[in-house]
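Only one structure is covered here, and it is reproduced in the block below.
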There are 2 protein chains.
Amino acid sequence: MKKKITLKQIARELDVSISTVSKALKNSKEISKDTTEKIQAFAKLYHYKPNNIALSLKNRRTRNIGVIIPDIVHHFFTTVFRGIEQYADTKGYNVIACVSDESFEKEVINMELLANGSIDGFIMALSAETQRKNDFHHLIEIIDQGMPLVLFDRITDDVICDKVVINDFEASYMAVKKLIENGRKRIALITTESYLNVSEKRAQGYYKALKDHNLELDENLILRLPYQFEDETKSEAFFASNNMDAVLCVNEIFAVRAMRIAQRNGMKIPDDIAFIGFTDGILSKLANPALTSIAQHGEQMGEIAAKMLIEKIERDDEIETEEETFRTEVIKATLIERESTNN
Amino acid sequence: MKKKITLKQIARELDVSISTVSKALKNSKEISKDTTEKIQAFAKLYHYKPNNIALSLKNRRTRNIGVIIPDIVHHFFTTVFRGIEQYADTKGYNVIACVSDESFEKEVINMELLANGSIDGFIMALSAETQRKNDFHHLIEIIDQGMPLVLFDRITDDVICDKVVINDFEASYMAVKKLIENGRKRIALITTESYLNVSEKRAQGYYKALKDHNLELDENLILRLPYQFEDETKSEAFFASNNMDAVLCVNEIFAVRAMRIAQRNGMKIPDDIAFIGFTDGILSKLANPALTSIAQHGEQMGEIAAKMLIEKIERDDEIETEEETFRTEVIKATLIERESTNN
DNA sequence: GTCAACAACGAAAACGGTTTCGTGTTAATA
DNA sequence: TATTAACACGAAACCGTTTTCGTTGTTGAC
């Protein structure tokens, strides 16, 4: 077992000083050609690579970014993560991933852990509990320490920082509008139970579209489900006691489950009932019938978030003064039409 | 903006030495009660937390583990990742996630990057390209440097280290056996094109099960598909030119796509044809009909991998000598029966 | 009154690098 | 020949900790 070699060892072995070795490896012209070659050859032979931790300590830069997401086993977050990782990779950054599990406490603990020098900046989507509690002191504190932060998807107006979202309201509005134009009259909404920023915006789009087309809002046509659930009795009751001809769901899982129930009830999709879901993931593509879906462009979102963060990180250590400016990027969602709606 | 405070700043402020501050914060009894209280109060006021990087350098332990997976947008890997992250979290470790994108080069680069001090150990599944090239020098080198490594799922016999897998062969065998016992005679196999360790083992189980039940192997009933694909003409031709009454697929995506084609061809599932897939993910549960599936227990796999790794990391810095021993944990896959098979 | 023991603290090395600032030698210039 | 510039290198500080090993000043025992 040959442990990694250090500058000190090379220096001792070649009977020069540590500084000489360091300079020679950086092709400093302070060092003679002879010595440089000798040192580089030796270093190569022993696969010398500088220790990242030592570099981080010296440079006060880790080239790590911290990503905190509520759930990794969730297609949308996974795609965002992929976008982040890909972009970070091209810029030489590593990604430390933490899962908050929708828990406020885990979010706080993980952030504090990472903030003590492990990373250069954060990208995160708020946990459901954090949104419910409306407590963002941990974010404020992090920002106050001068650590860049980018929020995506699950954001809040109470924290001033860079953000990236999709136009949930408009996307939802357009989807409902499309259903109405297709002749649908009784359009249901299946959304989440807990207060999530995005669900709320999507609901608003739904309300507005109904109103603008003179359809009255029927509270019975709105079903609120827990975020993760196995039991389908609530959904079944919903379908049994209402007659509707279209459903908008705030995610694809809700949509696919709802389609199954409708089909079991003998309804034909899209003839009797149409479905549109958010999150254009693999489920939408492979559902039967394939689900018309609103693409949230997670990968692009991750890429943009990573880009915003890294720009801020790298600008930070150039200039120190200069007023901070924060942006909110809005990505346009797109409707992918498939078999669950007619056109 | 108040940057994080350091020991040095506390020391200067309180007019004591750095060592005194450090000791006081650790409740060393070398320091008087008065001084200790004063220092702790001050530290608390300014939210002092030791810098992780400095600690890592000093302790030669980062409390980071590196995870390299071929693809994060893949349900199985995502669940494994979740298992790793969860266990690591309970032990106070962070997870640095890298995606190799099935590329040998990215795998090598990422490993070398992380190996230079950023992490205490690796957990990884080999990229498809790495398995095809059969080149594992990067793994060997890492191990040689004394860095613990745990391979999962996509493993190789050419590298001696800890491993965790499922009993692919047996699981496949049992699935086919079940199909046969249900009266199926012409059982197809849909597997991957590129050489993947796991696909191969699953194919072996399929062969053996046929043989043991006196069914002859028909090469026409084996379809090899690229790992990721959009085009379905190959699959359609396969279904058009063969009549079969059951299909075993090496993952759930293949299975669900295959089911759709069969359905389009007017076949009834499970009456005319039965389906079983590997990877018991969300697709299997929500497919229509729901897919009978072999659960690979990804989360458990990740948890075990993380446990093996952390044990080795923490044992490493206790004793230095003592012969290394490596284990291979085999997790038993379980068949989850749903609507795509009859019983 | 002397010496040992002890309490309370500081100096310094170490982790592994980078970088600034000498310093000694040689060669070129006045 | 004296001065100086260029060259090639080393010493040391620094990043933020921990920890060993002094070094004080006070106390108690003899």
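Letters A, B, ... mirror the listed sequences (proteins, then strands); counts begin at 1. The structure displayed is predicted, hence computed values, not measured ones.
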Query raised in the report: Are the side chain of B:Asn52 and the backbone of A:Gly117 linked by a donor-acceptor contact shorter than 3.5 Å?
Result: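 No; zero donor-acceptor contacts below 3.5 Å.
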Query raised in the report: Ignoring hydrogens and geometry, is there a side-chain-to-backbone donor-acceptor pair from A:Glu85 to B:Val99 under 3.5 Å?
Result: yes
Query raised in the report: Touch check for B:Ser22, heavy atoms < 4.0 angstrom, all strands: base, sugar-phosphate only, or nothing?
Result: base
Requested in this report: Look at all strands and tell whether B:Leu55 reaches a base, only sugar-phosphate, or nothing, counting heavy atoms closer than 4.0 Å.
Outcome: sugar-phosphate
Query raised in the report: When the aromatic ring centroids of B:Phe81 and B:Phe77 are compared, is their separation below 6.0 Å?
Result: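 No.
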Query - A:Asn51/A:Lys4 under side chain to side chain donor-acceptor pair (under 3.5 Å): CA gap, chis, key distance, verdict - result: CA-CA 9 Å; A:Asn51 180 300; A:Lys4 303 228 80 163; over 6 Å; no
Query raised in the report: Along DNA chain C, 5' to 3', what are the outermost nucleotides having an atom less than 4.0 Å from a heavy atom of chain A?
Result: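 Listing 5' to 3', DNA chain C meets chain A from C:dC15 to C:dC21.
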Query raised in the report: Can you find a side chain N or O atom of B:Lys58 that sits less than 4.0 Å from OP1 or OP2 on D:dC15?
Result: no
Query - Test side chain to side chain contact (heavy atoms under 4.5 Å, CB included) applied to B:Thr36 and B:Thr20, B:Asn27, B:Val21, the passing residue - result: B:Asn27
**Report entry** Partner of B:Val165 by side chain to side chain contact (heavy atoms under 4.5 Å, CB included), out of B:Ile155, B:Leu151, B:Asn197
**Finding:**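 Passing option: B:Ile155.
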**Report entry** Full working for side chain to side chain donor-acceptor pair (under 3.5 Å) between A:Ser103 and A:Ser100
**Finding:** CA-CA 5 Å; A:Ser103 142; A:Ser100 68; over 6 Å; no
**Report entry** Annotated protein contacts, base or backbone, on nucleotides 4-12 of chain D with a non-hydrogen cut-off under 4.0 Å, one of B, S, - each
**Finding:** ----BBBBB
Query raised in the report: Rounded to whole angstroms, how far apart are NZ on B:Lys8 and C1' on D:dT18?
Result: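 Answer to the nearest Å: 15 Å.
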Requested in this report: Could you state the atom-to-atom distance from CD1 of B:Ile53 to P of D:dG16 in whole Å?
Outcome: 11 Å
Query raised in the report: If you take all heavy atoms of A:Asp120 and A:Met147, which pair is closest and at what distance?
Result: C-SD, 3.8 Å
